[in-house]
Structures are given as structure tokens and as C-alpha cells.
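Side chains are part of it too, since the values below use all heavy atoms of this structure and drop only hydrogens, waters and symmetry mates. Being a predicted model, the structure only gives us computed values, none of them experimental.
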Amino acid sequence: MGSAGVAALIAQVVFLVVLSVGWSELGPRRGAVFIALWLLGVVGRDYIPYGADLFGPYVALLDIVLVFIVFKGDVRLR
């Protein structure tokens, strides 16, 4: 597994963690929207060229939007 595979794995784990941590902040409707977007990426990656390679960055973008919504902005690292 190369660095892109590790990054995709980290994106998957972060997606699940932030979604579960922020479920009460998101509510069931917005949570379902994010799950539907993730499922759309899972199903759609077989139908576009290089879709499997683009799925990791797609999930990372979902992670970024989730972090902005759940934590009300960027997370400060200190």
C-alpha cells in the first residue's frame, strides 16, 4: 500500500469519526445527506475513468466540509 492508499484509508477513518462525533450537531437529515454523498462516491467510482483513484480525495473533501460544519470552522492544531 502506497502513500495514496494510506491517505485514502485515513480519509475513510476520519469521515466515520467526524460523522459519528458530529451526528447530534448535524442532525439526522444532514447526516443522511453526507452518507448519501459517500454512497454516491462508492457507486460512482466504477463509472468514471480513474474513479477508484479519485475516491480518496472525494472523501477527503467530504471530511473538510464535515469539519467546517461540526466544529464551526477549522480545527486549530497547537
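- Judged purely by atom type and a 3.5 angstrom limit, Y58 has no side-chain atom pairing as donor or acceptor with the backbone of V42.
- Placement of L16 and W23 within a single hydrophobic cluster is found when ILVMFWY residues are connected by side-chain heavy-atom separations under 4.5 Å, directly or transitively.
- The side-chain contact (heavy atoms from CB on, under 4.5 Å) test applied to V18 returns V14, L66, V67, V70, not counting sequence neighbours.
- Linking Ile, Leu, Val, Met, Phe, Trp and Tyr residues whenever their side-chain heavy atoms come within less than 4.5 Å leaves V21 and I69 in two separate clusters.
- In the hydrophobic clustering of this structure, V59 does not group with V17; members are Ile, Leu, Val, Met, Phe, Trp, Tyr whose side-chain heavy atoms approach within less than 4.5 Å, directly or through other members.
- When hydrophobic clusters are built by joining Ile, Leu, Val, Met, Phe, Trp and Tyr residues whose side-chain heavy atoms come closer than 4.5 Å, directly or via intermediates, V65 is grouped together with L62.
- Contacts classified as salt bridge (Lys or Arg N to Asp or Glu O under 4.0 Å) and involving residues 16-42 (residues at least two apart or in different chains) are given here: E25-K72.
- W38 places a side-chain heavy atom less than 4.5 Å from the side chain of Q12.
- Proximity of I35 to L39: side-chain heavy atoms (C-beta onward) are separated by under 4.5 Å at one or more points.
- The two residues A8 and G56 make their nearest non-hydrogen contact at CB-CA, 4.0 Å.
- Atom CG of L54 and atom CG of L61 lie 10.5 Å apart (nearest 0.5 Å).
- In terms of heavy atoms, F34 sits closest to L26 at CE1-CD2, 4.3 Å.
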